[in-house]
Amino acid sequence: DFPAGYTGYHTYAETQTELQKTVANYPALAKLGSAGTSYEGRALSLIKISDNVATDENEPEVLFTCNQHAREHLTTEMCLHIVQRLTSGYATDPAIKRLVDSTEIWVIPSVNPDGSEYDISGGTFHSWRKNRQGPGTDTNRNWGYKWGCCGGSSGSTSSETYRGTAAFSAPETRAVSNWVNSRVVGGVQQIKTHIDFHTYSELVLWPFGYTYADTAPGMTAAEAQKFQTLGKQMAATNGYTPEQSSDLYITDGSVNDWMWATHKIWSFTFEMYPKGSSPGFYPRDTQIVPQTTRNDQAVDILINAAITG
Ligand code: 0X9
Ligand code: CA
Ligand code: CA
Ligand code: ZN
């Protein structure tokens, strides 16, 4: 369980309960499913939010993923906040109604539930990042585009950025990627925009991460420009710093590179609060409300970007 001062964060069981309550309260708007199971067998819960939610309508789709990294618990709260705001605000907020009516929004609050539960086991934090498959794989180095190509991950099992034995060797990345692949309908990927939430540093990042180059095969100058424009627009609302992800450091096998290169999904990483190593990965639960609502406008911009193309 979470230690004192952090009990406002949701454990895996509490996250499941929260999602179940949401679909019970808003059955016309929210539907609960799963993208698959983790290494230890936990559901990778997936909630869909839209009008006529039971029907796969011809509406642009949006994806939010959280908690690829175990200790980044604030991100799970970010995904739960998105779910809560879009459902509870639907009846009263015309801007929310418009976004929800025009799109199909998918939210995966925890891509790494095994790691997250391990991180809080025994009522203390363990600074755990990876999944719980053997020595642990860094899920955000395990995606299948230019996996292990460029010095942006490690082949050493003890490393915090261990890339795994092969692309998609982690059950979590395999499941989520297969689910994203399944959103290709009639030859067209339905998901248009995506944010993967992390902590910390207060950044808005876009691909590619495997190269310092702004343009590359699969990234034209016009596309790089659009990433930059959209990234800066979102960063202007939350005060984060916008940059290409490799400006932070090179990563290979990250989720954004795969989403963009494979599916042309406008895929961003948000590094949430705080800016620095104190409080780093473990801000008190009093920060949950201010730091999740801080991204409301950016989230709306990303959803709207799926509508406008
Ligand atoms: O290293 C990561 O996976 C992310 N940072 S974190 O501190 N949350 O681990 C950043 C990924 C963004 N991509 C690149 N920097 N290329
Ligand atoms: Ca709909
Ligand atoms: Ca659809
Ligand atoms: Zn992270």
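Numbering starts at 1 and runs along the sequence shown. Since we're looking at a predicted model, the values are computed, not measured. Just so you know, ligand 1 is whichever comes first in the structure, and atom 1 is the first atom listed for that ligand.
- Annotation: K21, atom NZ; neighbour count of heavy atoms from other residues, nucleotides and ligands within 6.0 Å does not exceed 12.
- The name of the N, O or S atom in H69 nearest to the Zn ion (ligand 4) is ND1.
- Considering just the N/O/S atoms of H198, the one nearest the Zn ion (ligand 4) carries the name ND1.
- Results of the side chain to side chain donor-acceptor pair (under 3.5 Å) test with N142 over S153, S169, S177, S254 single out S169 as the only residue that passes.
- Taking the side chain as every heavy atom from C-beta outward, Y145 and F208 approach each other to under 4.5 Å.
- Under 4.0 angstrom from ligand 1, the non-hydrogen atoms of N140 all belong to its side chain.
- Using a cutoff of 4.0 Å between basic side-chain nitrogens and carboxylate oxygens, E160 and R71 are scored as salt-bridged.
- In terms of protein heavy-atom proximity, atom 15 (N) of ligand 1 is closest to S245 O, 3.0 Å.
- Screening Q68, R163, R129 for a side chain to side chain donor-acceptor pair (under 3.5 Å) involving D138 leaves a single residue, R129.
- Remark: minimum distance from atom 16 (N) of ligand 1 to any protein heavy atom is reached at T251 OG1, 2.6 Å.
- Of the heavy atoms in Y249, both backbone and side-chain atoms come closer than 4.0 Å to ligand 1.
- If you check which protein heavy atom lies closest to atom 12 (C) of ligand 1, you get L205 CD1, 3.7 Å.
- On a distance-only criterion, R141 and ligand 1 share at least one N/O pair closer than 3.5 Å.
- Of the listed options R129, E72, H198, R129 places a heavy atom closest to atom 9 (O) of ligand 1.
- Under 4.0 Å is where a charged nitrogen must lie from a carboxylate oxygen, and between K130 and D114 no such pair does.
- Selection from M272, E160, E271 by nearest heavy atom to atom 5 (N) of ligand 1 gives E271.
- For the pair S254 and ligand 1, the shortest N or O to N or O distance does not fall below 3.5 Å.
- The aromatic rings of F125 and Y282 lie parallel to each other, their planes meeting at an angle below 30°, with 60° marking the opposite boundary.
- Checking D56 against the Ca ion (ligand 3), an N/O/S atom falls under the 3.0 Å cut-off.
- A pairwise comparison of heavy atoms in A224 and T215 identifies CB-CG2, 4.5 Å as the closest pair.
- Residue-level check: among N/O/S atoms of E61, OE2 sits closest to the Ca ion (ligand 3).
- The N, O or S atom of E57 with the smallest distance to the Ca ion (ligand 3) is O.
- Salt bridge absent: K192 and E61 never bring a charged side-chain N and a carboxylate O closer than 4.0 Å.
- With respect to the salt-bridge test (charged N to carboxylate O, under 4.0 angstrom), the residues R98 and D93 do not qualify.
- The shortest N/O to N/O separation between T199 and ligand 1 falls below 3.5 Å.
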